[in-house]
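Notes for the one structure printed next.
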Amino acid sequence: MSPPNYMEPVDDENNNNNGDTDNNENNNNMNGGASFGDEEFDSENQEDGSTQNPRTGKRKRYHRHTQQQIQEMENFFKECPHPDDKQRKELSRQLGLDHLQIKFWFQNKRTQNKNHQERHENSQLREENTRLIADNHRYQKEFMRALCPKCNIGRTAVSEMSLEEHRLRLQNAQLTEEIHQLSRYTVKAVMRNPVMSPPNQAPPFEPPKITNGSIRNRLVSNIGSVKEADKPLVIELAVGAMSELMALTQTSEPLWKGGVYGAILDVNEYTRNFQNGHGPRPVGFRTEASRETAIVLMHHMDIVHRLMDVNLWSTMFAGMVGRAKTHDTLLTGVHGNLDGTIHLMTAEFLVLSPLVSTRESYFVRYCKQLSEGLWGVVDISIDHLIPNLEYKCRRKPSGCLIKDMPNGFSKVTWVEHVEVDDRGELHDMFKNFLNSGQALGASRWIATLDRQCERLAIMKASNIPSMEPGGHITVTHNAKKSLLKLVERMSRGFFDGVTASTADVWCNLPDYTGDRVRVMTRKSMNDPGKPEGLILCAAHSFWVPVTPITVFDYLRDENNRSNWDVLFLAGTPQKLTHIFNGRDTRNCVSLLRSPNTRQSEMMMIEESSIEPTASFLVYAPLDVPSIEKVLNGGDPDYVPLLPSGFAILPDGMAQPGKAGGTLVNVSFQMLVDSSPSGRLTFSSVSTIESLILEAANKIRAYFTPQTP
C-alpha cells in the first residue's frame, strides 16, 4: 500500500464553518492535502450543533484519503475547481467523506495550484531579466566598438550622432565615473537641462560658412553660444575632458616618452587607451602633445582665478594668447566659487613671428576642485558642434592641475594636446620649431607662467632690488613699481607688432607685396598709451647659427648696442638705473640715456627677459618729461610708447650633445605722421623696411663667422 497523502479529522464537524470561505485557504499543503493542526472536528460532539474546544477533548482520530478518493477529487477538480455546497455534499456521499473534508481538500488544491503558477511565473521573469541584462552588456560593448559610419575607422564621434541619438544617450545611459566626480550642483544642472528647446526660445545661432581667412573677423564679433539642446552634451564633454586630463597627468610610460623639451605623448598608445567626443584625427591634421611640471611662486587660487578670467589670462600669457573672449557661462561655480564653472570661449594662439599663422580655437574651459588644495582647469574644442565651420586647430583635453604648496608656492602640471592643420601655411624656417613642441607646447606654457609669477611677485615686494650706477638719479620704491608697470604694457605692445595677429589694432597694407618684411599700419586717436597719429610697424624673422642664449647676451650688452641699433642710440648708452624683476639677474628693467648730445632730451626704457623656451629684448624711446612723470609717481598708463625689440626663439634642432640655432624675430614701430588722417607714403614704407633689414643683416653678419 502506498504511503498516505492526507491526514484529515473524520468525526469532526464544525457547524460554524458551513460556508465556502475561500479566503481561509491554508497555504501549508502537500500533494493536494493538508493537516489542520489541532483544530479537529469530533462528530460525536456536534449532533446538537455545539462545538467542543479541540484542545480539551481526547486525541482525535485521523483518516487518510485513499488513492481512489484522491483520483476522483482530482478529476472533479479539473472540471470544477470551485464546487458549491450541493456539489460538495454529493461528492462526499460518493466518496464516503465528510463534506468539510471535501471543502478543505479543494481549498488546499486551489492554493497548491496558485503557488505552483506563481513559482512558474517567477522563474520566467528571472530568465527574462537575465536575458535583458546580457543584452544590455552586449549592446554596451557593441557601442564602445562602434565604427564611424563615414570612414569606418575609429570609435564613433559624439558629434557624428544624430540629435535623436544625443537625446537617447543623455536620457538612458547610466552615469559614468566622470559624472560621479562632478559636483552635486553640476549633476543636477545636467539632469535639469532638457534636451528639447524650451518654448518661446529665440532661434538658435546658425553661423555662416567661414573660411580660415575670415575667422579672425568672426572671433571679434559675438560667435554666439551653443544650441540649448547641445548644452548637456558640451557639459558631458567638459567633464570627460577633466577625467582625461587627470589620467594624462598621473600616467607615465609607455603613454609618455622622454624628449629634449619635456615629455612627449605616444599617439598610438593614447589612441588605444582613451576615447573622447572628437573621434579620430582628421585627415591632414598632425598632433602636438606634451607635458611639463614646475613649482611656481603664486598661490594656487590666484592661478585658478587668472586662468578663468579671460582678460587676466590673455594678459598673463601675452606672448602666446592674442584675442580672447568668453561668450557664455554654461555653468556657474558651487557656493560662489569657481568649482564647477564652465565657460564658452574663443582664443587666438600666437607664435612670436610674422611668418607663423595664428591658431584660432572655439572651446569650453572647465574648472573643478578635485580635492583639498588641488584644482584642475581643462579646455576642449567644440568646433565640431558649429555647422560649416572650417577649423584648423582642435584642442584635445588640455590644461593643468594646480596643487597648493607651502609658503605661497604651487605645483603646476601642464598638458597641451592639440591637432592642427598647417599645410601650406608653415614656413620652412619654423617647421622644426613647431614640430618640436617648443612653440606652443606645455614647456612654453609652464615657462611663461613661471616668468609671469616672478614678475608679479616682484611687483608686490616691499623692497624691489635695483642699482643706480654713478648715482645720477634716485629711484624710489613707488617709482620702481611705475617703471615695472610701464614695461609690462610695453611688452604687450611689442607682441602685438611681431606676431601675425592683427589683434584688432593693425591693418596689413593692401598693396604691399614684400615677402621678407611684414608691414602694418595703425591710426592712433584718443589713446593715452600711444602717440597720436599714423603708426607704421614692420616685422621680420631670420636665422643665425648660434644658440639663443648667445644671441640674447649679445643684444642685451649695452657695449654692443651701437653695432645693431639703427633707430635711437649712437655709441654706448649710459645706464641710469637697473631694476631686477626675476631670479635670473638678466631679467631686469633699465633706463638708458643716449651719449648723443642731439638726443639729450630722449631716453630709453628697456626690458630684458629670459626663460627656458624664449627670451626677449624690448625697448622704447621716451622724452625726459615723460620719464620724470613716471619717476614722480605719475600714472604709467598715460605715457605714450612705440615699442620695438627682439623675440629670440630656439630653432627646434637641438639634440642631446648638439646645440641648435636661433630664430630671431625683430619688430620696429615708427610714427610717420602726427595726424591720424595722414597718408602713408611709399617712402615711409621703404624707410622702415630698410631699417629693419639693416639691423637684421648686422646681427646675422656678426654671428656668421662663428658658423662651425
Fill in: Worked check of side-chain contact (heavy atoms from CB on, under 4.5 Å) between Met467 and Phe580
CA-CA 8 Å; Met467 294 190 309; Phe580 300 99; 4.0 Å; yes
Discussion item. Using the rule given for side-chain contact (heavy atoms from CB on, under 4.5 Å), can you reason through Val364 versus Leu237, listing the C-alpha separation, both sets of side-chain angles and the distance that settles it, and then say yes or no?
Written reply: CA-CA 9 Å; Val364 289; Leu237 283 173; 5.8 Å; no
Discussion item. What verdict does the salt bridge (charged side-chain N to carboxylate O under 4.0 Å, His left out) test give for Asp496 and Arg522, after you've listed the backbone C-alpha separation in whole Å, the side-chain angles of each residue and the deciding distance to 0.1 Å?
Written reply: CA-CA 11 Å; Asp496 290 341; Arg522 179 195 178 190; over 6 Å; no
Practice prompt. Could you check Phe703 against Tyr554 for ring-ring contact (aromatic ring centres under 6.0 Å, His included), going step by step and ending with a plain yes or no?
Written response: CA-CA 10 Å; Phe703 291 111; Tyr554 170 77; 5.3 Å; yes
Practice prompt. Give the intermediate values and the outcome of side-chain contact (heavy atoms from CB on, under 4.5 Å) for residues Leu449 and Phe317.
Written response: CA-CA 7 Å; Leu449 174 64; Phe317 297 96; 4.1 Å; yes
Worksheet item: side-chain contact (heavy atoms from CB on, under 4.5 Å) between Cys367 and Val304: does it pass, once the steps are laid out?
Response: CA-CA 8 Å; Cys367 177; Val304 171; 3.7 Å; yes
Fill in: Glu292/Ser290 under side chain to side chain donor-acceptor pair (under 3.5 Å): CA gap, chis, key distance, verdict
CA-CA 7 Å; Glu292 190 61 88; Ser290 56; over 6 Å; no
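Between Pro643 and Ser491 the shortest side-chain heavy-atom distance does not fall below 4.5 Å. Counting only heavy atoms from C-beta outward, the side chains of Leu440 and Glu416 never approach each other to under 4.5 Å. Taking the side chain as every heavy atom from C-beta outward, Trp375 and Asp339 approach each other to under 4.5 Å. By the 4.5 Å heavy-atom criterion applied to side chains, Val544 and Thr550 are not counted as neighbours. Leu312 is not listed as a side-chain neighbour of His305, based on a closest heavy-atom distance of 4.5 Å or more. Between Leu576 and Ile627, the closest side-chain pair of non-hydrogen atoms is not below 4.5 Å. Taking the side chain as every heavy atom from C-beta outward, Phe363 and Asp383 never approach each other to under 4.5 Å. Contact check for Gln452 versus Val296: no side-chain heavy atoms found under the 4.5 Å cut-off.
Scanning both residues, Ile295 and Asp450, for their nearest heavy atoms gives O-OD1, 4.1 Å. The nearest pair of heavy atoms linking Ser314 to Ala324 is CB-CB, 4.5 Å. Considering all non-hydrogen atoms of both residues, Val630 and Ser482 come closest at CG1-CB, 3.6 Å. Contact record, Thr585 with His578: O-NE2, 4.2 Å, taken as the closest heavy-atom pair. Nearest heavy-atom pair across Gly652 and Ser436 is CA-OG, 4.0 Å. Shown here for Phe552 and Ser608, the closest heavy-atom pair between the two residues is CZ-CB, 3.9 Å.
In this structure, Phe542 and His540 have parallel ring planes: the angle between them is below the 30° cut-off, well short of the 60° mark. Relative ring orientation between Trp445 and Trp313 is described as parallel, the plane-to-plane angle staying below 30° on a 0-90° scale split at 30° and 60°. Using cut-offs of 30° and 60° on the angle between ring planes, the pair Phe274 and Tyr270 is parallel.
Checking each of Arg286, Lys392, His427 against Asp422 for a side chain to side chain donor-acceptor pair (under 3.5 Å) leaves exactly one that passes, namely Arg286. Asp651 pairs with exactly one of Phe430, Trp543, Phe433 by the side-chain contact (heavy atoms from CB on, under 4.5 Å) rule, that one being Trp543. When each of Arg395, Arg359, Lys396 is tested with Glu288 by the rule salt bridge (Lys or Arg N to Asp or Glu O under 4.0 Å), just one qualifies, namely Arg359.
In this structure, Ser410 contributes its side chain and His300 its backbone to a donor-acceptor pair below 3.5 Å. Between the side chain of Ser590 and the main chain of Glu606, no donor-acceptor pair closer than 3.5 Å is present. In this structure a side-chain-to-backbone donor-acceptor pair under 3.5 Å is present from Ser353 to Leu355. Put simply, the side chain of Arg365 never gets that close to the backbone of Met345: no donor and acceptor are under 3.5 Å apart. No donor-acceptor distance shorter than 3.5 angstrom exists from the side chain of Asn432 to the backbone of Met653, with no hydrogens or angles considered. Remark: the backbone N or O of Lys431 is paired with a side-chain donor or acceptor of Asn435 at under 3.5 angstrom. Not one N or O on the side chain of Thr251 forms a donor-acceptor pair closer than 3.5 Å with the backbone of Leu248. In terms of modelled atom types and a separation under 3.5 Å, the side chain of Asp328 and the main chain of Leu344 share no donor-acceptor contact. Here the side chain of Thr662 pairs a donor or acceptor atom with the backbone of Thr547 at under 3.5 angstrom.
Ion pairing between a basic and an acidic side chain is recognised when a charged N comes within 4.0 Å of a carboxylate O; Glu488 and Lys485 show no such pairing. A salt bridge is defined here as a Lys NZ or Arg NE, NH1 or NH2 lying under 4.0 Å from an Asp or Glu carboxylate O, and Arg451 with Asp584 fails to meet this definition. Using a cutoff of 4.0 Å between basic side-chain nitrogens and carboxylate oxygens, Glu253 and Lys257 are not scored as salt-bridged. Looking at Glu611 and Arg444, a side-chain N of the basic residue comes within less than 4.0 Å of a carboxylate O on the acidic one, giving a salt bridge.
Side chain to side chain, Asn581 and Glu607 meet the donor-acceptor criterion of an N or O pair below 3.5 Å. Remark: the Ser443 side chain and the Thr613 side chain contain no N/O donor-acceptor pair separated by less than 3.5 Å. Using modelled atom types, one finds no donor on one side chain facing an acceptor on the other under 3.5 Å when comparing His417 with Ser398. Using modelled atom types and a 3.5 Å distance limit, the side chains of Asn587 and Arg455 yield no donor-acceptor pair. For the residue pair Thr249 / Thr413, no side-chain donor-acceptor distance below 3.5 Å is found, with atom types taken as modelled.
Leu401 CG to Leu245 CG: the interatomic distance, rounded to the nearest 0.5 Å, is 5.0 Å. Separating the CG atom in Leu591 from the CD1 atom in Ile579 is a distance of 8.0 Å, to the nearest 0.5 Å. Summarising the geometry, atom CD belonging to Gln369 is positioned 11.5 Å from atom OG1 belonging to Thr341; distances are rounded to the nearest 0.5 Å. The CD1 atom of Ile382 lies 13.0 Å from the CZ atom of Arg394; values are rounded to the nearest 0.5 Å. Separation of atoms CG (Leu555) and CG (Asn560) is listed at 8.5 Å; rounding is to 0.5 Å. Within the model, atoms CD1 of Ile264 and CZ of Arg291 stand 10.5 Å from one another, a figure rounded to the nearest 0.5 Å.
Remark: Lys403 pairs with Leu374, Lys411 by the side-chain contact (heavy atoms from CB on, under 4.5 Å) rule, at least two apart or across chains.
The stretch residues 545-555 participates, sequence neighbours left out, in these salt bridge (charged side-chain N to carboxylate O under 4.0 Å, His left out) pairs: Asp553-Arg586.
Taking the ring axis of Tyr619 as reference, the NZ or CZ atom of Arg561 stays within 45° of it and closer than 6.0 Å to the ring centre.
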